[in-house]
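See structure below.
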Amino acid sequence: MATYNGEKYLSEQIESILKQTFTDWVLYIHDDGSTDDTLEIIKKYVKAYPKKIVSIQGKRTGGAKFNFFSLMDKVTAEYIMFSDQDDWWLPDKINKTLEKCIKLENGQKDIPTVVFTDLKVVNEKLKIINNRMSKYQKLEMKNTMFNKLMIQNVVTGCTMMINRKCRNIAIECKDRDQIIMHDWWCALIASYYGKIGYIDEALILYRQHGNNSVGAKNIYSIGYLKNQIFKIAKQKKSLLKTQQQICYFVKIYGISTPYIIEYGNLANKRKLSKITFLLKNHIFKSCLIRNIGLFLIC
């Protein structure tokens, strides 16, 4: 669990983990320099559950991505899940995800494996906004092939489990400024080298509030559409970041697959060549409206 100024919902998140039907787990928490009562809350739970909850000491990392990578550097468990500080895990979350991961591995623990689930989108008081984030955001959860994951991540970190092999490969990267998010990086690794499994069930209440690091957005809302239209430069920058991330993936892991290398250098192409390349290699996002936007800004 990565925390930062999370006093408002942290206790609820930890309580939901304590109430899991699967009990053979350890919760490692690293705080990133909170100035509220987050550290006091963590200390309280560490004292109450010394065998279940561990506070990892370390310098401030500077953001959720770096905090989670720092945790991966230190935690060597056979299976790892990522917890935000403000959600609510449904009771069978660990059990069902672990069962799926073990089944997917099929005894091959040397293959990087990722399992993820859907989410229930809720408000600050855990009241349901939408029972499926995949439908709310019009996400194609089957888009876990590498050519799809290069341009859009559908694997949400707070739903995922990675095995030790995936973790070991992930932490080989040291220049983490080149990576968009830890969950996206792990998904790319599992897609290219191993396996990704999806549980078609929402096993977490994904709380929406003013301080969300990422959050869920209704892509057909007027606000979302206006934001996309009037922030074209931001959208172009986001697309460029996906290409930079793939360039780094190619560099770190010595990838020689032509279309992956070419995607990393997409910015050097003319617009028509970009569109032709994307179509030829079936590099699409989820839903029509995103792809219209993609072809307009690429």
Side-chain angles (χ1 to χ4, degrees), residues 62-66 68-69 121 133-134 136-157 170 173-189 191-192 208 210-253 255 257-298:
K65 171 183 68 176
F66 300 107
F68 278 117
F69 265 113
V121 182
M133 194 174 87
S134 58
Y136 187 63
Q137 290 198 300
K138 303 297 185 292
L139 294 173
E140 294 287 344
M141 303 305 233
K142 64 183 179 181
N143 283 359
T144 57
M145 303 77 73
F146 198 87
N147 60 327
K148 300 293 194 297
L149 277 176
M150 289 195 306
I151 201 164
Q152 183 188 24
N153 184 31
V154 297
V155 183
T156 307
C173 67
K174 300 305 177 185
D175 185 4
R176 290 158 185 177
D177 286 321
Q178 303 299 319
I179 296 168
I180 296 173
M181 280 300 282
H182 63 286
D183 52 3
W184 201 337
W185 193 253
C186 289
L188 287 168
I189 289 167
S191 180
Y192 189 82
Q208 301 302 288
N211 297 321
N212 281 65
S213 180
V214 179
K217 302 174 182 68
N218 182 348
I219 69 163
Y220 286 112
S221 68
I222 298 300
Y224 178 85
L225 293 172
K226 284 174 65 177
N227 183 63
Q228 301 305 298
I229 291 170
F230 291 109
K231 294 187 177 180
I232 297 298
K234 183 179 179 181
Q235 304 312 313
K236 288 185 176 181
K237 186 177 180 180
S238 295
L239 181 62
L240 182 60
K241 283 183 178 180
T242 69
Q243 296 159 30
Q244 292 171 339
Q245 178 170 246
I246 292 302
C247 275
Y248 189 56
F249 192 90
V250 167
K251 177 183 177 181
I252 289 297
Y253 301 123
I255 306 301
T257 308
Y259 84 87
I260 298 176
I261 296 172
E262 195 169 351
Y263 181 77
N265 297 308
L266 194 64
N268 299 325
K269 292 178 176 289
R270 294 181 179 274
K271 188 176 184 68
L272 183 58
S273 295
K274 290 178 183 177
I275 293 173
T276 302
F277 169 77
L278 294 173
L279 290 170
K280 177 183 176 182
N281 292 282
H282 304 282
I283 301 172
F284 306 127
K285 294 187 175 185
S286 298
C287 90
L288 179 62
I289 193 168
R290 285 195 182 92
N291 286 310
I292 291 172
L294 169 62
F295 292 129
L296 286 174
I297 68 170
C298 74

Just grab all the salt bridge (Lys or Arg N to Asp or Glu O under 4.0 Å) pairs involving residues 270-285, residues at least two apart or on different chains. none
Report yes if some heavy atom in the side chain of T156 is under 4.5 Å from a heavy atom in the side chain of M133; otherwise report no. yes
Quick one: list whatever passes side-chain hydrogen bond (donor to acceptor under 3.5 Å, both in side chains) with Y253, sequence neighbours left out. W185
Test ring pair (Phe, Tyr, Trp, His ring centres under 6.0 Å) applied to F68 - qualifying residues, sequence neighbours left out: F82, H182
Is there side-chain contact between N281 and N147, with heavy atoms separated by less than 4.5 Å? no
Between N265 and I261, the two heavy atoms sitting closest are ND2-O, 3.1 Å
Can you list everything that forms a side-chain hydrogen bond (donor to acceptor under 3.5 Å, both in side chains) with T242? Sequence neighbours excluded, please. Y263
Is a side-chain N or O of W184 found less than 3.5 angstrom from the main chain of V155, in a donor-acceptor match? no
Do L278 and L266 come within less than 4.5 Å of each other through their side chains, counting heavy atoms only? yes
Against I292, only a single residue in I289, L294, L288 fulfils side chain to side chain contact (heavy atoms under 4.5 Å, CB included); can you say which? L288
I'd like to know if the side chain of Q243 and the backbone of A267 have a donor-acceptor N/O pair within less than 3.5 Å. yes
Counterpart residues, side-chain hydrogen bond (donor to acceptor under 3.5 Å, both in side chains), relative to K269 (two or more places apart): E262
Less than 4.5 Å apart, side chain to side chain, heavy atoms only: is that true for T257 and F146? no
Residues passing the side-chain hydrogen bond (donor to acceptor under 3.5 Å, both in side chains) test with D175, sequence neighbours excluded, are Q178
For a 4.5 angstrom cut-off between non-hydrogen side-chain atoms, does I179 reach F249? no
